[in-house]
Peer 1: 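One structure follows; several queries about it will come next.
Not measured: the values here are computed from a predicted model. Order of the sequence lines fixes the chain letters, A, B, ..., with proteins taken first and strands second; residue numbering starts at 1 for each chain.
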Amino acid sequence: MRIALRNCGLIDPEKIEEYIAEDGYFALGKCLTEFTREETIKEIKDSGLRGRGGGGFPTGLKWEITKNVEAGQKYVVCNADEGDPGAFMDRSILEGDPHSVIEAMAICGYCIGADTGLVYIRAEYPLAIERLKIAIKQAREFGLLGEGILGTNFNFDIELRYGAGAFVCGEETALIHSMEGLRGEPTVKPPFPSVSGYMGKPTNVNNVETFASVPVIINKGANWFNKIGTEKSKGTKVFALAGKINKVGLVEVPMGTTLREVIYDIGGGIVNGKEFKSVQTGGPSGGCLTKDFLDTPIDYDNLIAAGSMMGSGGMIVLDEDDCMVSIAKFYLEFTLEESCGKCTPCRIGNKRLFEILTKITEGNGVLEDIERLRVLSNVIKDTSLCGLGQSSPNPVLSTINNFEEEYRAHVVDGKCPAGQCKSLLRYDIVEDLCTGCTLCFRNCPVGAITGERREPHLIDQSLCIKCGVCFEKCKFNAITLI
Amino acid sequence: MDTVSLIIDNKPVVVKKGTTILEAASGIGVHVPTLCHMKLDDLNIENKPGGCRICVVEVEGRRNLAPACCTDVNEGMEVSTHSLRAINARRTVLELILSDHPADCLICAKSGNCDLQDMAHQLGTREIHYKGEQSHYRKDTSPAIIREIDKCIMCRRCEMMCNEVQTVGVLSAINRGFDSVVSPAFEMNLDHSECTYCGQCVAVCPTGALTEVDHTGKVIHALSDKTKTVIVQTAPAVRAALGEEFGMEAGTLVTGKLVAALRRLGFDHIFDTDFAADLTIMEEGTELLNRLGKHLAGDKDVKLPILTSCCPAWVKFFEHQFPEMKDIPSTARSPQQMFGSIAKTYFAEKLKIKREDLVVVSIMPCVAKKYECGRDEFKVNGNPDVDLVITTRELAALIKLSNIDFKSLPNEEFDNPLGESSGAGVIFGTTGGVIEAAVRTAYEIHTKKELPRLDFDELRGMEGIREATIDFDGLPIKIGIAHGLGNARKLLEDIQAGKSEFHAIEIMSCPGGCIGGGGQPYHHGNADILKKRQMAIYQEDSNKSIRKSHENPYIIKLYEEFLGEPMSEKAHHLLHTKYFDRTE
């Protein structure tokens, strides 16, 4: 079922005529000529649409709040600072159907009383930027942006603002500071942008996918939209499927679809017939869910209850070969890099979490480290300034909660069950099987193997770098990996 | 007035809407600890980025903990400031900060004066459970300020001072995540930046990340050199603050003890910068009247308003930021430099010694004075008019090092001839003081009448920008006052735009003037301390029998014996200066 991605790949995004042919700008016209601002907002509210950037805040309510703030100047901002590793939902929409976002921003502008829209887009998306520019130009030529849109007295135009690829600038206050030319740092809310945002004016910030859903809701009606999905999460959600799955890519499914349906029915199951281990949802600050959650219907609240989150729609599938401690470390390394550094728990706390995880994967962990991780993670969640820090320990907490035995294997038994943590691996030569062919001896890059020709060889563990070359080269299966 | 009722630590409290949890708690005697937050009441200075997260408190029904400093109260809110959850979080956050902070408290310049150290004590931290990599940055030194940013805790107070209050814009956060730190752009050295050395960053830094360049060692060496005559001058604001370093109440005047301490330290002559302040008034006041006279005579080339030039940070500020206006400020040197110049000519001649054998030490409330004394135009054949500058804080350290029990010292008198001063010289230490002193003299010279009153209340106060019109016997003189460089910028922009109607403007870089200087005892965010120092300065003025600069007998004598008259050729050579365009 395609709502946000309805036109992607089907129309030429550089031709406004093709968008119009698919009922494009019909919703804008309907709002401007048939609906009052209040009626339009009511339609969005009734649809149950919630923010697709990850927060899940009711979109219509956000518009209403911004509308109700008295101010001469207001702004509509589209958050196109998609920064989750592996996610490209927003990019696909902007590249494949830019007019859907432009149309929705104009509708939003009409509702809240703004005449200026700003798209905050990462400079790393050149094609999306190019297509947006073309689309904005065409919309102006067609009188769909600019002054007196569609013969009414509504004025609205859109400008682009470029981000330099900072993940934290997806946080709306940081995004606004970045647009103002300041350091991309979040500030304490309240005041919310809807009250005091860009240049201190009321600002409504929505994500690309949220906007892309709006024209359809207006065209087909709130009652059509709110029949799709679960009780509290309506419509569809786009996910970026990745990892150990046969079919990777974007998938748009109705809310309430189960993880199993997405992973097995749509994604075609696990690569090489391996066993499913976990699915990571919600991007770098989401969580890792076990197979027990495979039949959980996907929606905002269920994912949070399960210890993860919707996020902007990243979905990475892990199999039996993935080490959960390393996965937690991988995600934390990302947030560590992307923290703005403003608040202590995120700046230093995440660093310390990362160091403890590194210690564990290097085989130097102790049992207390697991509890230390848990305690520190909870304090970071409890005290961080913005959503980034408040959710950054999620990969750690969810892997500890769901895969604690794997952590214990690292620190108690000194083993990595998935065989990923090199420091915990041990290559040995089985004396009885070794023929003394010297192949391993000749290929070892660090000279850790010794032995006479036709005599069993020996690996010096203090020199071994665990590269596995000997294991691969041995023709007699004489090398074991523990 | 809308009020809000809430409960804090089981106590009901009613406060104004818009009050923060921190303020509401403080009202009922609950002092939630803070680190990055700092507020100087009445000066309109507040830092609350909500970044340190030390002040987190538990709010019933809220998902996460709330930073008390930047969370407004709500009706019916139930707050617990010392629940297990809040204490655990607060201690953990502090441990995290400490885990990235050098543990060299024993030898740190801020030991005993460090907000972070106090916090560790207050929270009873006995162990740091989190260990790991620590930040390491290059130590940056300049003529006045040392940046040891391994000790930076990202409270951003310095950044707020530099950008919002002073509008100098040198310090800001750079890098991301664990590597983020406050620094000049591209981690350049301070002395390559537009830093004015006002030292307000130092004044508010909670740790030892920003401190003054310590010259106490050089002073000790000079004092022990038998071949040198070492004289000392002490700025007006020092006497109103030095006592704080010895546990005395803020605003206690310690002029007599200060002189006694300096004498015991071994200085050969104890002089007063206030004397040079009187001299400044003679020169600057005359310059004002000259310019004003020409202006009234219709001379289109004359520049008004005249701006004061006592403050070295302010001088460096306009040299960087408004170089096209460098001919507007008075050409009069600062009192410190006038003193040095007179000491190494007039006084050295009296002593019959070479200027090279005379060491001039200044005690200043200021760190920029360290930079000022090193400017090339204040040197003769490479020998500076003022050799060494130490701050009020450094003097206190020197007194302690020399085993002097400051509090039990008797009151002693300055030496002559450079130790006598008028009340006008004293008030240089506070915002509004220089211009008031100038008015007292300029009025009498211009009108040739005695002033009916000496206290100009309309020029006093703590407001960032003040203005008043003084009646010079029928001639209305419009006066502006700004303290804080951001306020100065506003007045300068008005001049640039041709909107300024002032005849004279006094500018001081530091909020409060020199009493709030970057070299003064740390105020730890308590603005009352500044106000008490200001009151002390005015009290010292009232105590003086001579309160007008031109009536200082030693000033009169100096002109008779040496300088001739104000703005004379000799005065011009020794007491005036020129400014440079630093944008090139």
Peer 1: Salt bridge check: are A/Arg183 and B/Glu159 linked by an N-O gap of less than 4.0 Å?
Peer 2: no
Peer 1: Under 4.5 Å heavy-atom distance to chain A, tell me which part of B/Val56 shows up: side chain, backbone, both or neither.
Peer 2: side chain
Peer 1: If you take all heavy atoms of A/Met309 and A/Gly286, which pair is closest and at what distance?
Peer 2: CG-CA, 3.8 Å
Peer 1: Is there a side-chain contact (heavy atoms from CB on, under 4.5 Å) between B/Leu116 and B/Leu35 once you walk through the steps?
Peer 2: CA-CA 7 Å; B/Leu116 184 61; B/Leu35 201 48; 3.8 Å; yes
Peer 1: Between B/Asn175 and chain A, which part of the residue has a heavy atom less than 4.5 Å away: side chain, backbone, both or neither?
Peer 2: backbone
Peer 1: Any idea which of B/Ser180, B/Ser172, B/Gly177 has the most non-hydrogen atom pairs under 4.5 angstrom with chain A?
Peer 2: B/Gly177
Peer 1: Could you tell me which residues in residues 350-369 of chain A have at least one non-hydrogen atom under 4.5 Å from a non-hydrogen atom of chain B, sorted by residue number?
Peer 2: A/Lys351, A/Arg352, A/Glu355
Peer 1: Is B/Arg156 close to chain A through its backbone or its side chain, or both, or neither, when contacts mean heavy atoms under 4.5 Å?
Peer 2: side chain
Peer 1: Which heavy atom in A/Ser233 sits nearest to a heavy atom in A/Asp301, and how many Å separate them?
Peer 2: OG-OD2, 4.0 Å
Peer 1: Counting heavy-atom pairs closer than 4.5 Å to chain A, which one of B/Pro49, B/Ala173, B/Pro67 comes out on top?
Peer 2: B/Ala173
Peer 1: For A/Leu385, is it the side chain, the backbone, both or neither that has a heavy atom under 4.5 Å from a heavy atom of chain B?
Peer 2: both
Peer 1: So which atom in B/Cys152 and which in B/Val182 form the shortest heavy-atom distance, rounded to 0.1 Å?
Peer 2: SG-N, 4.0 Å
Peer 1: Name the option with the most non-hydrogen atom pairs under 4.5 Å to chain A; the candidates are B/Cys52, B/Cys36, B/Cys70.
Peer 2: B/Cys52
Peer 1: Heavy-atom pairs under 4.5 Å with chain B - which of A/Lys381, A/Gln390, A/Lys189 has more of them than the others?
Peer 2: A/Gln390
Peer 1: Side chain, backbone, both or neither: which part of A/Leu376 has an atom under 4.5 Å from a heavy atom of chain B?
Peer 2: both
Peer 1: A quick test of your reading: do over 12 heavy atoms of other residues, nucleotides or ligands sit less than 6.0 Å from CD of A/Glu231?
Peer 2: no
Peer 1: Looking at chain B, which one of A/Ser339, A/Gly184, A/Ala166, A/Gly349 has the largest number of heavy-atom pairs inside 4.5 Å, strictly under?
Peer 2: A/Ser339
Peer 1: Dump the intermediate steps for side-chain contact (heavy atoms from CB on, under 4.5 Å) on B/Val32 and B/His37, then the final yes or no.
Peer 2: CA-CA 11 Å; B/Val32 181; B/His37 179 258; over 6 Å; no
Peer 1: Most heavy-atom pairs under 4.5 angstrom with chain B, which of A/Ser384, A/Pro190, A/Cys346?
Peer 2: A/Ser384
Peer 1: Is it the side chain or the backbone of B/Glu58 that comes within 4.5 Å of chain A heavy atoms, both, or neither?
Peer 2: neither
Peer 1: Could you tell me which portion of A/Thr187 (side chain, backbone, both or neither) has an atom closer than 4.5 angstrom to a non-hydrogen atom of chain B?
Peer 2: neither
Peer 1: If every non-hydrogen atom of A/Leu289 is compared with every non-hydrogen atom of A/Ser308, which pair is closest and at what distance?
Peer 2: CD2-CB, 4.0 Å
Peer 1: Identify which part of A/Cys340 has an atom lying under 4.5 Å from any heavy atom of chain B, answering side chain, backbone, both or neither.
Peer 2: backbone
Peer 1: Where does B/Arg90 contact chain A at under 4.5 Å (heavy atoms): side chain, backbone, both or neither?
Peer 2: neither
Peer 1: For B/Lys131, which atoms come within 4.5 Å of any heavy atom of chain A: side chain, backbone, both, or neither?
Peer 2: backbone
Peer 1: Considering only heavy atoms, which portion of B/Ser99 lies under 4.5 Å from any heavy atom of chain A: side chain, backbone, both, or neither?
Peer 2: both
Peer 1: Between B/Ser80 and B/Glu78, does any side-chain donor sit less than 3.5 Å from a side-chain acceptor?
Peer 2: no
Peer 1: Hey, is CZ on A/Arg408 packed in by over 12 heavy atoms from elsewhere, all under 6.0 Å?
Peer 2: no
Peer 1: If I measure from the heavy atoms of chain A, does B/Ile153 come under 4.5 Å with its side chain, its backbone, both, or neither?
Peer 2: backbone
Peer 1: Under 4.0 Å between a Lys/Arg side-chain N and an Asp/Glu carboxylate O for B/Glu148 and B/Lys110?
Peer 2: no
Peer 1: Between A/Thr335 and chain B, which part of the residue has a heavy atom less than 4.5 Å away: side chain, backbone, both or neither?
Peer 2: neither
Peer 1: Determine whether more than 12 heavy atoms belonging to other residues, nucleotides or ligands lie under 6.0 Å from atom CD of A/Glu337.
Peer 2: no
Peer 1: Looking at every heavy atom in both B/Cys55 and B/Thr34, which two are closest together, and how far apart are they?
Peer 2: CB-CG2, 4.0 Å
Peer 1: Between A/Tyr125 and A/Glu82, does any side-chain donor sit less than 3.5 Å from a side-chain acceptor?
Peer 2: yes
Peer 1: Using every non-hydrogen atom in the two residues, find where B/Cys155 and B/Asn47 come nearest and quote the distance to one decimal.
Peer 2: O-ND2, 3.1 Å
